[in-house]
Asks: 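Submitted below is the structure of interest, expressed as structure tokens.
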Amino acid sequence: MRPILYCAASLALCAQQFDVAAFDRARVIKAADSYLREKPITVTASHSARSAGGLHDFFSEGDYWWPDPKNPDGPYIQRDGMTNPDNFVEHRKALMRLSVEVPALAAAWKITHQKRYADHAALHLRAWFIDDATRMNPNLEYAQAIHGRFTGRGTGIIDTIHLVEVARAIEALPLPKRDLDAIKKWFSDYTMWMMTHPYGIAERDATNNHGTCWVIGDQKTLAYVEDRFKTVLLPNQEAADGSFPQEMRRTKPYGYSLFNLEAFSTIAQILDLWNFQLPDGRSLRRAVAYMAPFIRDKSKWPLKPDVMYFDEWPMRQSCLLFAGLAFHDDAHIELWKTLAADSTVDEVIRNFFIRQPVLWVD
């Protein structure tokens, strides 16, 4: 019995002593150095004739909607899981670019305290959230539009999942008070829009990953978010075995399950909810335990492969790192270390939104 206890204690100590910044330092600095040459690109750099919005309005189109072969000029029809390559994606790409570059620059600042990284991150933030000529309007009224059907949908709010790590980066940066106040005002206005607009309300009430992603808000809404996590999200989405049935029934169940678990894990990391569990034992710890074997060996996945991008997953899923540290589980951390941290595939970048763990772990 003693060797087993000693081994368990050793693993817990390893998890406690894991230095994320030291582990990721070379990767972070290499990326940040390359981004120092990049100028800001916001929504004002491109516009789609199909958008009902203006120059400063974010616009995207529903991924799985296509022209109807029987009526090419009519309303689009749905092909679940199959992305239409002719959709307008420039605003998504610009937002993803922001979400890749600013957190990397902020992480480099946090590790090195070299001000050039912070200054360049601030340049991007001012372009997106402050400068009148280039800023994005704080709403998503024209996101995930469907040709011939909708000029925008609540579903589109998930496109701003990429602002989550940008917001985390802002907290780490030494921004001038004037800039910080203006950026906070933008996020406050966006949060108010999400809380009051019909699109935001509809997305809040979604029973899958969209509802999970909706709750990742600002400091003013954290109490509401925590209550929703405990009373709505976890009870309504997690099965007894730790799986997410709403994601499992999709045409891309593996990717969607990972994505939803990442969103849940982000909420838990922000609000310190890793130890919360329902009276019947369901918990985020159980959800991570369910997916971990399939992250380690995807060939054991019990369902058919995703219709697209199955070979591109998993990535270095933050749920493993966060859970490993929360529960002193070295096995999760060791698995996390073996996985790819970065991708060049747009669909992966879009659905893998926690890329700089040094911003999330002290």
Side-chain angles (χ1 to χ4, degrees), residues 48 50-51 58-93 95-96 140 142-162 198-214 233 236-239 241 243-264 287 290-291 294-295 298 301-315 317 343 345-353:
S48 170
R50 295 191 292 274
S51 173
F58 181 96
F59 176 70
S60 64
E61 296 181 286
D63 296 272
Y64 307 141
W65 293 83
W66 297 66
D68 184 350
K70 298 179 181 178
N71 183 18
D73 296 324
Y76 279 11
I77 59 174
Q78 190 175 31
R79 295 170 60 186
D80 190 34
M82 304 300 294
T83 301
N84 183 346
D86 295 324
N87 280 346
F88 178 84
V89 295
E90 295 310 309
H91 288 176
R92 273 187 186 163
K93 286 185 176 181
L95 191 58
M96 288 191 296
L140 253 66
Y142 307 101
Q144 293 214 19
I146 301 174
H147 178 71
R149 296 180 183 272
F150 304 103
T151 58
R153 296 181 297 157
T155 307
I157 289 173
I158 204 168
D159 284 345
T160 48
I161 192 70
H162 295 286
Y199 288 173
I201 294 170
E203 193 73 346
R204 179 199 65 192
D205 294 338
T207 57
N208 62 357
N209 63 83
H210 286 263
T212 314
C213 292
W214 183 93
L233 297 179
N236 292 342
Q237 292 195 46
E238 185 178 341
D241 64 356
S243 66
F244 298 122
Q246 291 282 12
E247 314 306 331
M248 298 284 278
R249 64 171 54 105
R250 300 294 297 272
T251 59
K252 295 191 288 190
Y254 186 76
Y256 273 116
S257 293
L258 288 174
F259 178 79
N260 200 34
L261 185 54
E262 288 291 282
F264 265 103
Y290 175 83
M291 281 302 295
F294 308 127
I295 295 174
K298 191 165 52 179
W301 181 241
L303 302 179
K304 291 181 179 180
D306 294 3
V307 294
M308 294 182 75
Y309 303 106
F310 187 66
D311 292 340
E312 307 299 334
W313 297 105
M315 293 293 291
Q317 308 297 144
S343 175
V345 179
D346 282 346
E347 183 69 8
V348 174
I349 298 171
R350 182 184 164 211
N351 291 294
F352 180 61
F353 54 92

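All values reported here derive from a predicted model rather than from experimental measurement.
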Asks: Looking only at heavy atoms, which two atoms of Met308 and Thr83 are closest? And how far apart?
Replies: SD-N, 3.5 Å

Asks: Which pair of non-hydrogen atoms, one from Gln237 and one from Asn260, has the smallest distance, and what is that distance?
Replies: OE1-ND2, 2.9 Å

Asks: Is it true that a side-chain atom of Arg153 and a backbone atom of Gln144 form a donor plus acceptor pair closer than 3.5 Å?
Replies: yes

Asks: Quick check for you: to the nearest 0.5 Å, what is the distance between Gln78 atom CD and Ile146 atom CD1?
Replies: 7.5 Å

Asks: With a 4.5 Å heavy-atom cut-off, do Tyr254 and Pro302 have their side chains touching?
Replies: no

Asks: Without swapping roles, check the side chain of Gln317 against the backbone of Met315 for a donor-acceptor pair under 3.5 Å.
Replies: yes

Asks: To the nearest 0.5 Å, what is the distance between CZ (Phe244) and CZ (Phe259)?
Replies: 12.0 Å

Asks: Run the side-chain contact (heavy atoms from CB on, under 4.5 Å) test against Ala145 and tell me which residues pass, sequence neighbours left out.
Replies: Phe59

Asks: Taking only residues two or more places apart in sequence or in another chain, which ones pass ring pair (Phe, Tyr, Trp, His ring centres under 6.0 Å) with Phe294?
Replies: Tyr290, Trp301

Asks: Going by ring pair (Phe, Tyr, Trp, His ring centres under 6.0 Å), name the residues that satisfy it together with Phe58, two or more places apart in sequence or in a different chain.
Replies: His91

Asks: Between Asn84 and Glu61, is a side chain to side chain donor-acceptor pair (under 3.5 Å) present by the stated rule, with each step listed?
Replies: CA-CA 9 Å; Asn84 183 346; Glu61 296 181 286; over 6 Å; no

Asks: Identify, with sequence neighbours excluded, every residue that meets salt bridge (Lys or Arg N to Asp or Glu O under 4.0 Å) alongside Asp80.
Replies: Arg250

Asks: Do Leu233 and Phe264 have side chains that approach each other closer than 4.5 Å (heavy atoms only, starting at C-beta)?
Replies: yes

Asks: With Tyr76, which residues qualify under ring pair (Phe, Tyr, Trp, His ring centres under 6.0 Å), at least two apart?
Replies: His147

Asks: Considering residues at least two apart in sequence or located in another chain, which fulfil the salt bridge (Lys or Arg N to Asp or Glu O under 4.0 Å) criterion with Arg79?
Replies: none

Asks: What residues, two or more places apart in sequence or in another chain, satisfy side-chain contact (heavy atoms from CB on, under 4.5 Å) together with Ala202?
Replies: none

Asks: Who pairs with Ser257 by side-chain hydrogen bond (donor to acceptor under 3.5 Å, both in side chains), at least two apart in sequence or on another chain?
Replies: none

Asks: Side chain of Lys298, backbone of Pro305: donor and acceptor closer than 3.5 Å?
Replies: no

Asks: If you round to the nearest 0.5 Å, how far is CH2 of Trp66 from CD1 of Ile77?
Replies: 10.0 Å

Asks: Is any side-chain heavy atom of Arg350 closer than 4.5 Å to one of Asp159?
Replies: yes

Asks: Do you know the tightest heavy-atom contact between Ser48 and Phe88?
Replies: CB-CD1, 3.4 Å

Asks: Any side-chain heavy atom of Glu262 sitting closer than 4.5 Å to one from Ile161?
Replies: no

Asks: Please identify each residue that fulfils side-chain hydrogen bond (donor to acceptor under 3.5 Å, both in side chains) with Arg249, with sequence neighbours left out.
Replies: Gln246

Asks: Just jot down the side-chain hydrogen bond (donor to acceptor under 3.5 Å, both in side chains) partners of Asp306, sequence neighbours excluded, or say none.
Replies: none

Asks: When you compare the side chain of Glu312 with that of Glu347, does any pair of heavy atoms fall below 4.5 Å?
Replies: no

Asks: Sub-3.5 Å donor-acceptor pair from the side chain of Asn87 to the main-chain atoms of Val89, do we have one?
Replies: no

Asks: Report yes if some heavy atom in the side chain of Trp313 is under 4.5 Å from a heavy atom in the side chain of Val348; otherwise report no.
Replies: yes

Asks: Of all heavy-atom pairs between Pro72 and Pro67, which one has the smallest distance, and what is that distance?
Replies: O-CB, 4.3 Å

Asks: Report the C-alpha distance between Leu258 and Ile295 in whole Å, list the side-chain angles of each, state the deciding distance to 0.1 Å, and finish with yes or no for side chain to side chain contact (heavy atoms under 4.5 Å, CB included).
Replies: CA-CA 9 Å; Leu258 288 174; Ile295 295 174; 3.8 Å; yes

Asks: Among all residues two or more places apart in sequence or in another chain, which pass the side-chain contact (heavy atoms from CB on, under 4.5 Å) test with Val307?
Replies: Met82, Thr251, Lys252

Asks: Considering residues at least two apart in sequence or located in another chain, which fulfil the side-chain hydrogen bond (donor to acceptor under 3.5 Å, both in side chains) criterion with Glu238?
Replies: none

Asks: I need the His162 NE2 to Asn351 CG distance, nearest 0.5 Å.
Replies: 7.0 Å

